[in-house]
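Just so you know, ligand 1 is whichever comes first in the structure, and atom 1 is the first atom listed for that ligand. Computed from heavy atoms alone, side chains included, the values below leave out hydrogens, waters and symmetry copies.
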Amino acid sequence: MSKQTEKIKALVEKRELARLGGGQKTIDKQHERGKYTARERIEMLVDKGSFEEYDMFKLHRCHNFGMEKKQYLGDGVVAGSATIDGRLVYLYAQDFTVNGGSLSETMAQKICKVMDMAMTNGAPVICMNDSGGARIQEGISALAGYGEIFERNILASGVIPQISSILGPCAGGAVYSPALTDFIIMKEQTSYMFLTGPKVVKTVTGEDIDAEHLGGASVHASKSGVTSFTAKTEEEAMELIKQLLSYIPSNNREEAPRVECTDPIDRKEDLLNEIIPDDPNQAYDMYKVIQAVTDNGEFFEVQPKFAKNIITGFARFNGQSVGIVANQPSAYAGVLDTNASRKGARFVRFCDAFNIPIVSLVDVPGFLPGTGQEYNAVILHGAQLLYAYGEATVPKITITLRKSYGGSHIVMGCKQLRSDLNFAWPSAEIAVMGASGAVAVLCGREAKEVKEQGGDVKQFLAEKEEEYSEKFANPYQAAQFGYIDDVIEPRNTRFRICRGLAQLAHKKQDLPAKKHGCMPM
Ligand code: HXC
């Protein structure tokens with residue numbers, strides 16, 4: 001065997017050893033926990049044979065607490081580039097088989113390297129989290145490593161899409177990297193995210209709670225809104241990432257990939273002409289409207305379990321990717337509250353940062369009143385949504401289906417927030433407030449007089465409400481002022497959106513020069 005051949009053989013063996021991570025025993029343990037290994041996860045996600053690994057031979061440099069004996073090629077993270085559906089991505093997967101995937105200084109360097117490459121080459125970065133947090137034996141070096149990663153997350157925000165999948169523990173300050181990314185996917189049952197674990201919670205607050213109820217996938221999907229998606233299996237998590245990528249561009253200088261559209265753009269949906277109930281207080285399902293207007297009825301929902309009174313997600317019109325924001329009359333009457341506002345604001349900002357037009361479907365009775373909301377800063381959260389819409393320079397099309405009252409009318413993409421095309425259905429009610437609330441304010445004194453004179457107050461109020469509704473519960477006052485560009489037949493909605501998007505394909509709009517705005521938070 002020549003020296004060269006021997007060296008190549010040694011390389012192959014070294015690679016094989018590196019691919020074993022923490023060794024077969026720890027791999028078996030990982031499988032017993034119901035989890036895949038870092039490399040298996042990457043294989044599952046990327047195009048076959050496309051993964052190119054970097055820093056496979058990197059080693060940590062720590063000598064504290066016997067760490068020289070816990071040395072594994074590549075340390076606790078597998079990092080590199082690959083393609084997904086032929087598109088370049090950079091990715092890293094924490095390897096729990098190596099010292100619990102705990103983050104060392106060298107691991108941080110590996111992660112930062114792929115993040116830098118992603119930025120330079122304008123490609124999304126995807127991380128797979130499964131880690132015991134900062135490597136305790138390294139002390140400040142591990143913390144500094146996190147700092148380096150967080151700074152890159154911040155600088156990459158709005159430049160390249162960043163996606164985090166949480167497939168195991170993610171605790172302490174480590175949660176801030178995923179929190180700084182655009183989308184989080186949590187695997188049910190085996191993953192959790194929290195700043196302080198159950199033991200610390202018990203010591204500090206006396207609260208008895210397990211990891212799943214403190215920071216499991218279902219908690220963050222429905223209560224905190226931290227996660228964008230949940231997945232029953234790791235396979236499903238990877239499928240969600242692929243689907244998500246198909247709707248978004250690789251960076252902020254590109255458009256989202258366009259797909260061929262077989263669904264006629266002028267498809268009329270008679271169902272929409274019937275969907276608004278005669279009773280203004282009766283609900284209907286906004287998902288049916290979304291399904292009726294999008295290409296092939298497809299909709300990829302973001303945060304489906306959180307703040308269900310607002311719906312956010314991606315769809316396509318004539319093959320073009322679009323962000324949909326819609327009030328949901330069948331969840332709390334579609335009212336806006338703190339959670340709905342921040343959910344909507346986050347989504348609108350992502351779409352705007354990545355050149356994805358926004359279509360808003362409006363049926364909103366207003367903001368939810370009460371101390372619960374006011375004490376939780378509904379003023380600021382509502383302003384976030386307002387700010388996001390007003391700041392967004394991507395094409396914006398707003399369709400008002402029914403109610404659009406007061407502040408919520410303005411917030412949900414009205415004309416004055418530089419919305420491009422505002423259409424209303426004939427059932428639209430665009431007014432300062434609903435009839436009963438308005439009459440209570442305007443006719444209180446008269447109602448008192450009617451009562452004093454022994455008149456029928458109920459009938460008086462009903463007549464006044466009728467008068468108010470006739471004047472304001474329609475789209476024509478707004479259309480008269482040009483605040484609605486056209487009143488359209490509901491069944492033509494898909495066509496009007498598709499045609500509108502085509503008109504707006506080359507839209508250019510700027511913001512005043514500034515370092516950055518001061519978004520209310
Ligand atoms: C070094 C760690 C580690 C850590 C786990 N390991 N976490 N080594 N630093 N942070 C090692 C274990 O010693 C063990 O090594 C191996 O990984 C597997 O861990 P186990 O405990 O056997 O696994 P499991 O029972 O599944 O428990 C997983 C765990 C637990 C829940 C994650 O390991 C744990 O509680 N770890 C500590 C979590 C933590 O408090 N981290 C610091 C958070 S604060 P051996 O060699 O025995 O197999 C933080 C600050 C970040 O991260 C700040 C950023 C700004």
Peer 1: What I want to find out is whether Glu148 reaches Arg152 closely enough, with some N-O distance under 4.0 Å, to be called a salt bridge.
Peer 2: yes
Peer 1: With a 4.0 Å cut-off on N to O distance, would you call Glu53 and Arg19 a salt bridge?
Peer 2: no
Peer 1: Could you list the donor-acceptor pairs under 3.5 angstrom formed between side-chain atoms of residues 67-84 and any protein atom two or more places apart in sequence or on another chain?
Peer 2:
{"unit_1": "Gln71", "atom_1": "OE1", "unit_2": "His60", "atom_2": "N", "d": "3.2"}
{"unit_1": "Gln71", "atom_1": "OE1", "unit_2": "His60", "atom_2": "NE2", "d": "3.4"}
{"unit_1": "Gln71", "atom_1": "NE2", "unit_2": "His60", "atom_2": "O", "d": "2.9"}
{"unit_1": "Asp75", "atom_1": "OD1", "unit_2": "Arg135", "atom_2": "NH1", "d": "3.1"}
{"unit_1": "Asp75", "atom_1": "OD1", "unit_2": "Arg135", "atom_2": "NH2", "d": "3.0"}
{"unit_1": "Asp75", "atom_1": "OD2", "unit_2": "Ser104", "atom_2": "OG", "d": "2.6"}
{"unit_1": "Asp75", "atom_1": "OD2", "unit_2": "Thr106", "atom_2": "OG1", "d": "2.9"}
{"unit_1": "Asp75", "atom_1": "OD2", "unit_2": "Arg135", "atom_2": "NH1", "d": "3.4"}
{"unit_1": "Ser81", "atom_1": "OG", "unit_2": "Tyr54", "atom_2": "OH", "d": "2.9"}
{"unit_1": "Thr83", "atom_1": "OG1", "unit_2": "Asp47", "atom_2": "OD2", "d": "2.8"}

Peer 1: Show every donor-acceptor pair shorter than 3.5 Å between a side-chain atom in residues 243-250 and any protein atom, with sequence neighbours excluded, or say none if there are none.
Peer 2:
{"unit_1": "Ser246", "atom_1": "OG", "unit_2": "Gln243", "atom_2": "O", "d": "2.6"}
{"unit_1": "Ser246", "atom_1": "OG", "unit_2": "Arg316", "atom_2": "NH2", "d": "3.2"}
{"unit_1": "Ser250", "atom_1": "OG", "unit_2": "Arg87", "atom_2": "NH2", "d": "3.3"}

Peer 1: If a pair satisfies side chain to side chain donor-acceptor pair (under 3.5 Å) and one of its residues is in residues 168-182, list it, with sequence neighbours excluded.
Peer 2: Asn153-Ser177, Ser164-Thr181
Peer 1: Say whether, by atom type as modelled, one donor and one acceptor occur between the side chain of Lys35 and the main chain of Thr190 under 3.5 angstrom.
Peer 2: no
Peer 1: For ligand 1, list every N/O pair with the protein closer than 3.5 Å, one pair per line with the distance.
Peer 2:
{"unit_1": "ligand 1", "atom_1": "9 (N)", "unit_2": "Ile136", "atom_2": "N", "d": "3.1"}
{"unit_1": "ligand 1", "atom_1": "10 (N)", "unit_2": "Gly132", "atom_2": "O", "d": "3.1"}
{"unit_1": "ligand 1", "atom_1": "10 (N)", "unit_2": "Ala134", "atom_2": "O", "d": "2.9"}
{"unit_1": "ligand 1", "atom_1": "17 (O)", "unit_2": "Gly100", "atom_2": "N", "d": "3.0"}
{"unit_1": "ligand 1", "atom_1": "23 (O)", "unit_2": "Arg33", "atom_2": "NH2", "d": "3.4"}
{"unit_1": "ligand 1", "atom_1": "26 (O)", "unit_2": "Arg33", "atom_2": "NE", "d": "3.3"}
{"unit_1": "ligand 1", "atom_1": "26 (O)", "unit_2": "Arg33", "atom_2": "NH2", "d": "3.2"}
{"unit_1": "ligand 1", "atom_1": "41 (N)", "unit_2": "Gly132", "atom_2": "O", "d": "2.7"}
{"unit_1": "ligand 1", "atom_1": "46 (O)", "unit_2": "Lys70", "atom_2": "NZ", "d": "3.0"}
{"unit_1": "ligand 1", "atom_1": "52 (O)", "unit_2": "Ala134", "atom_2": "N", "d": "2.8"}

